[in-house]
Amino acid sequence: MRSALLLLTCTLMACGSPRPLTTFVAPADAPKTLFGGELPTYWYQGTAELSTYRLRQARYGELRDGQAVLIQVTEDFLTDRQVKNDANENPNSAPVLKTNLIKRFTTGLYDYSIMSSVFTPTNAAQQPQTLKVTTSSQDWCGQSFTQLNYDRGASYDMQLRSYFEREGDVATSLAADFLEDEVFNRIRIAGDALPEGTFQVLPPTSYLLLTHQDYRAYTAEAQLEAPGETTRTYVIDYPELERRFTVTFDRAAPYVIREWTETYPDRGELLTTTATLEAQNQQAYWQLNAAKDAALRSELGLR
């Protein structure tokens, strides 16, 4: 696993051409540093990148129509308390890229809402591990929540709160292996600086909550493919779980995530969840909470 982390810290960033869904062009003086340090100015405009995806989610042996919303933004994060640095008084702070991924879909009469938040430092030389992951799942039966906190050693402190009897309340320690949850952040920070080969990977916490799998790393095989002139695809296979994850993203910065898939057994059927990019823009959404701002939702096709 250490070799996988080394791969993440020794790839140069590439800042290049514009992409179809935004007007961003990397300036000539954009930082070109080791993975991470500073990111291109695209990420420091006082806005977040908001993306909506057409979702087909596997659940209960069928594919369900839904929507995924991906919010990615930089912020200062306290490395000791592992919360946002609001007061700007604590020196134990690091710049991170935050991903909030929300998935909503219906299953017959009732609906699901799943949200994951991932906080990954942009300077891997100083902070090589993702610091925190939280995921919550709500449906009409109940809700479950899990959290991972990097403990500065070689492990994550994991908490699970669930209404299921066989899971209940759990607090344990997990090895600080590579997290599938951090892949989107790793892509956006450094493009193709992704670990390849066979190593231990903790599957995404949303998948573990939905399928009630054991919270542990599994042996996985990862590779970076080049399917097109403008995009690349990262693939992670988990033989033990019969699970495959793929994510396709732009070759050029800021490495827009175009699509991802998850294939795994669901009630005896091998089903593939897909999420395909539909709309994207940049907004300081935290300031847009007046009634009149609701009109902006149509730009993203938010349901």
Hey, could you give me the [atom1]/[atom2] distance between [X] and [Y], rounded to the nearest 0.5 Å?
X	Y	atom1	atom2	result
Ser113	Ile102	OG	CD1	7.0 Å
Asp76	Asp86	CG	CG	10.0 Å
Asn100	Ser116	CG	OG	9.0 Å
Thr79	Tyr150	OG1	OH	11.5 Å
Gln57	Leu63	CD	CG	8.5 Å
Arg258	Arg232	CZ	CZ	16.0 Å

Under 3.5 Å side-chain donor-acceptor pair for [X] and [Y]:
X	Y	result
Asp250	Thr231	no
Arg104	Tyr112	no
Glu167	Ser144	no
Asp111	Thr106	no
Thr248	Thr233	yes
Asn289	Gln287	no
Glu49	Tyr42	yes
Asn185	Thr99	yes
Asp80	Asn90	yes

What I'd like to find out is whether the side chain of [X] reaches to under 4.5 Å of the side chain of [Y], using heavy atoms alone.
X	Y	answer
Glu182	Thr120	yes
Val69	Leu302	yes
Tyr156	Gln129	yes
Tyr163	Cys141	yes
Leu241	Tyr218	yes
Thr74	Tyr44	yes
Val247	Ile187	yes
Gln283	Leu288	yes

Hydrophobic clusters here meaning ILVMFWY residues chained together by side-chain heavy-atom distances under 4.5 Å, can you tell me if [X] and [Y] are in one?
X	Y	value
Leu208	Leu101	yes
Leu277	Phe245	yes
Leu55	Leu50	no
Tyr285	Leu70	no
Leu97	Ile71	no

Distance-minimising heavy-atom pair for [X] and [Y]:
X	Y	answer
Ile189	Pro121	CD1-O, 3.9 Å
Trp43	Pro254	NE1-CB, 4.3 Å
Lys103	Ala68	CG-CB, 4.1 Å
Thr273	Ala58	OG1-N, 2.9 Å
Arg251	Gly228	NE-O, 3.1 Å
Ala222	Ile236	CB-CG1, 4.2 Å

Under 6.0 Å from the [atom1] atom of [X], do we count more than 12 heavy atoms belonging to anything else shown?
X	atom1	result
Glu225	CD	yes
Glu242	CD	no
Arg64	CZ	yes
Arg81	CZ	no

Practice prompt. Would you check, one step at a time, whether the test salt bridge (Lys or Arg N to Asp or Glu O under 4.0 Å) holds for Arg56 with Asp65?
Written response: CA-CA 5 Å; Arg56 292 275 287 163; Asp65 290 325; 2.8 Å; yes
Practice prompt. Just do the side-chain hydrogen bond (donor to acceptor under 3.5 Å, both in side chains) check on Gln72 and Arg188 with the steps written out, would you?
Written response: CA-CA 9 Å; Gln72 293 188 290; Arg188 304 311 303 274; 2.7 Å; yes
Worksheet item: Under 4.0 Å between a Lys/Arg side-chain N and an Asp/Glu carboxylate O for Glu62 and Arg267?
Response: no
Please confirm whether the backbone N or O of [Y] pairs with a side-chain atom of [X], one donor and one acceptor, at under 3.5 Å?
X	Y	value
Ser93	Leu78	no
Thr146	Gln159	yes
Asn123	Ala125	yes
Glu269	Asp266	no

Item to complete: Determine, stepwise, if the pair Val118 / Lys98 fulfils side chain to side chain contact (heavy atoms under 4.5 Å, CB included).
Response: CA-CA 6 Å; Val118 186; Lys98 176 179 71 176; over 6 Å; no
Item to complete: Tell me, with the steps shown, if Trp260 and Phe184 meet ring-ring contact (aromatic ring centres under 6.0 Å, His included).
Response: CA-CA 10 Å; Trp260 72 86; Phe184 287 1; 5.0 Å; yes
Discussion item. Can you tell me how the ring of Tyr264 sits relative to the ring of Tyr207, calling it parallel under 30°, perpendicular over 60° and tilted otherwise?
Written reply: perpendicular
Worksheet item: Going through the checks in order, is the side chain to side chain contact (heavy atoms under 4.5 Å, CB included) test met by Phe178 and Val183?
Response: CA-CA 9 Å; Phe178 189 72; Val183 168; 3.8 Å; yes
Discussion item. Exactly one of Leu270, Val235, Thr261, Thr272 should register a side chain to side chain contact (heavy atoms under 4.5 Å, CB included) with Arg244. Which one does?
Written reply: Val235
Discussion item. Using the ring pair (Phe, Tyr, Trp, His ring centres under 6.0 Å) criterion, which residues pair with Phe164? Sequence neighbours excluded.
Written reply: His212
Discussion item. Please enumerate all residues that pass side chain to side chain donor-acceptor pair (under 3.5 Å) together with Glu180, with sequence neighbours excluded.
Written reply: Tyr238, Arg243
Practice prompt. Kindly determine whether Leu224 and Tyr234 satisfy side chain to side chain contact (heavy atoms under 4.5 Å, CB included), including the steps that lead there.
Written response: CA-CA 5 Å; Leu224 189 61; Tyr234 188 56; 4.0 Å; yes
Discussion item. Using side chain to side chain contact (heavy atoms under 4.5 Å, CB included), reason through Thr219 and Glu240 one step at a time and then give a plain yes or no.
Written reply: CA-CA 8 Å; Thr219 300; Glu240 183 179 347; over 6 Å; no
